[in-house]
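The chains referred to below are lettered A, B, ... by the order of the sequence lines, with proteins before strands, and numbering in each begins at 1.
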There are 2 protein chains.
Amino acid sequence: MPEIEEDPWEPPLVLVAVDLVILTLRASTFHVLLIERGIEPYQGSWALPGGFLNNAGEGVFEAALRELKEEADLDGTRLHIEQLGAYGEPERDPRGRVLSVAYLAIAPGLPEPVAGTDASGAAWTPVEQVLSGRAPLAFDHQLIVADAVERARTKLEHSPLATAFCGETFTIAELRRVYETVWGAELDERNFYRKVQRVPGFIEPAGTDRRAGKGRPARTFRAGPAEVLHPPLTRPEPHRESEEER
Amino acid sequence: MPEIEEDPWEPPLVLVAVDLVILTLRASTFHVLLIERGIEPYQGSWALPGGFLNNAGEGVFEAALRELKEEADLDGTRLHIEQLGAYGEPERDPRGRVLSVAYLAIAPGLPEPVAGTDASGAAWTPVEQVLSGRAPLAFDHQLIVADAVERARTKLEHSPLATAFCGETFTIAELRRVYETVWGAELDERNFYRKVQRVPGFIEPAGTDRRAGKGRPARTFRAGPAEVLHPPLTRPEPHRESEEER
DNA sequence: CTCAATTACTGTCATATTGACAGTAATGCT
DNA sequence: AGCATTACTGTCAATATGACAGTAATTGAG
């Protein structure tokens, strides 16, 4: 790592931004939070919530939490958030050299259509619209969303991430709907009951709490202490091509 | 995302660096490449190879490939490399605001003790020495190595990453040693044969090639087209606490 | 209050996979 | 030829999986 001063070349200064991919389930559909840009570039386009570092003393994670609060009015302590990666292609921002650190946040389904923000508008948008390109995004944000969705789909298999889509307590049927929605696949209800309950530390009963809807009341659970799922919940393969191998 | 100009505050300019965690297997031990720093800060300390972006037009991935060539004389097209994440704590570099994008590279075991570099020295160091803290590193590089090792251990389960530790062709026994070394666990040889060969697209026979050492010649394989392992090779759990759950 | 509708849960069984364990095959060396 | 060494092939009981159907507890309509 060369030194800053005394070098024949000046190390290029770069603006560091933070972008947020906030995913949730609304009405059994996979949604991502988008902001309508009020300024150039890409004015009027939809983009991920985010912004530059506030000052030289702010860490990127702090900045992510701040943006989460500012732009989505969400509390970082009550939802799952993890770093997705850095996006640093030279031409990704027409204004100049901007490197963006993307974060993936998972929120329980909020009834509100997103509270007040300083951007022109904010909306929960179905993930499919973004992935298919029918809802074009500014910068390389479509790529970031695609990476985030892929990350979420994979982590559902090996981590208790699905519980982050639910509230404090949830029923097994609700948990199953999370898997089905995110994966876009149907799961056998009975086998799901069996597998989920076998994984040590995944979910644990939430007292005598019961939730009434229309049919039989369901037992409620909360997320357990496990950070990895052993055994994992394997995602069903879309289709099998042939029957070779062996 | 606010604009650069016209803002009441000046967005903080940040130096962007790239750090490389290059992992390999040498003599059945898990090693990471370290560089002895020739300049302040941390002069004389060991650190990950890396450096600042060359110029404003260089992408972070390009920079990673360049450093890979400069500091380790490795060709990025012949080994596995992926982004690990961004490390952007404000105080991680005493010189000022430096954000580092870390990359994880996996190289086959090289016989050479690392070719010429512009750093004072370079050495393959056992990963355990770094993780245990017996080999202290500059900056937050110990954390980065820990993350890289964890990433590698996890990806071994679900991706063909293990083949990146081998050469172009390899035997099943060699592949098993990769798993055993990285995981630090013993695997049953017979079950390993069975499971590895069942995974579609993981490995495929490399012609009539055979490799003689001391005993019976082994069949050689090369990496197959699969990018994910179905079913995965599950890592044995270190120990089982009790027999509860249900 | 009965009955249908609705949602939540509990079992069963054939098959596939896993983990634990031992023997056979092909080479180099003496 | 025989031994050491490394590579591979089988077996079997226990377990996990996938596919399927029935029972339980509630609400609401008549």
Side-chain angles (χ1 to χ4, degrees), chain A residues 28 157-158 166 169-180 183 185-200 202-221 229-240 243-246, chain B residues 27-28 157-158 166 169-181 183 185-200 202-221 229-240 243-246:
Chain A
S28 292
E157 296 188 80
H158 319 290
C166 306
T169 63
F170 48 86
T171 70
I172 293 188
E174 288 169 357
L175 192 63
R176 179 170 54 87
R177 267 170 231 124
V178 171
Y179 277 91
E180 291 183 332
W183 282 350
E186 299 239 323
L187 300 179
D188 185 90
E189 175 193 6
R190 317 167 266 250
N191 295 336
F192 186 81
Y193 266 79
R194 184 180 55 196
K195 294 179 81 165
V196 160
Q197 306 207 51
R198 193 195 305 269
V199 181
F202 188 10
I203 60 174
E204 47 191 30
T208 63
D209 200 354
R210 280 165 184 271
R211 181 170 308 185
K214 212 182 301 181
R216 171 178 173 178
R219 283 181 295 195
T220 57
F221 297 83
L229 268 34
H230 267 296
L233 273 68
T234 48
R235 171 161 40 160
E237 303 181 57
H239 47 268
R240 278 205 177 262
E243 291 287 337
E244 44 216 332
E245 235 66 42
R246 205 233 136 40
Chain B
S28 292
E157 297 188 80
H158 318 289
C166 305
T169 63
F170 48 86
T171 70
I172 293 189
E174 288 169 356
L175 191 62
R176 180 170 55 86
R177 267 170 232 126
V178 171
Y179 277 90
E180 291 183 333
T181 306
W183 283 349
E186 299 240 323
L187 300 179
D188 184 272
E189 174 192 8
R190 317 165 265 249
N191 295 337
F192 186 82
Y193 267 79
R194 181 180 58 197
K195 296 179 79 165
V196 161
Q197 306 208 48
R198 193 196 308 270
V199 181
F202 187 11
I203 60 173
E204 46 192 31
T208 64
D209 200 355
R210 280 161 185 273
R211 181 170 308 184
K214 214 184 300 183
R216 170 178 172 177
R219 281 181 296 195
T220 57
F221 296 83
L229 267 33
H230 267 296
L233 274 68
T234 48
R235 171 162 37 161
E237 303 181 56
H239 46 269
R240 278 199 178 267
E243 289 287 336
E244 45 215 332
E245 235 66 41
R246 194 231 136 40

### Query
Got a sec, which residues hit side chain to side chain contact (heavy atoms under 4.5 Å, CB included) with B:Arg190, two or more places apart in sequence or on another chain?
B:Asp188
### Message
So, using side chain to side chain contact (heavy atoms under 4.5 Å, CB included) as the criterion, who are the partners of A:Arg216 when residues are at least two apart?
### Response
none
### Contact nearer the 5' end of DNA chain D, comparing A:Pro217 with A:Lys195
A:Lys195
## Note on the structure
Rounded to the nearest 0.5 angstrom, the CD-OG1 distance for B:Glu204 and B:Thr169 is 12.5 Å
### Message
Please report the distance, rounded to the nearest Å, between CG in A:Leu233 and C1' in D:dT17.
### Response
12 Å
### Query
In terms of side-chain heavy atoms of B:Lys214, which of D:dT5, C:dG19, C:dC9 is nearest?
D:dT5
### Task
Whole angstrom is fine here: how far is it from NE2 in B:His230 over to P in D:dG18?
12 Å
### Sequence-distant partners of A:Glu174, side chain to side chain contact (heavy atoms under 4.5 Å, CB included), two or more places apart
A:Phe170, A:Thr171, A:Arg177, A:Arg211
### Task
Encode nucleotides 20-25 of chain C as B, S and - characters from 5' to 3', where the letter depends on protein heavy atoms closer than 4.0 Å: B to the base, S only to sugar-phosphate, - to neither.
BBB--B
### Query
Is there a donor-acceptor contact under 3.5 Å from the side chain of B:Glu157 to the main chain of B:Thr234?
no
### Query
Side-chain N or O of A:Arg177 less than 4.0 angstrom from OP1 or OP2 on C:dA8?
yes
### DNA chain D-proximal residues of residues 169-176 of chain B, any heavy atom under 4.0 Å
B:Ala173
### Message
Please compare B:Arg219 and A:Gly215 by the position of their nearest nucleotide in DNA chain D and report the one closer to 5'.
### Response
B:Arg219
### Query
How would you list, by chain and number, every residue that makes a side chain to side chain contact (heavy atoms under 4.5 Å, CB included) with B:Phe192, sequence neighbours excluded?
B:Ile172, B:Leu175, B:Arg176, B:Tyr179, B:Leu187, B:Val196, B:Leu233
### Query
So A:His230 and A:His158, ring-ring contact (aromatic ring centres under 6.0 Å, His included) or not? Walk me through it.
CA-CA 8 Å; A:His230 267 296; A:His158 319 290; 9.1 Å; no
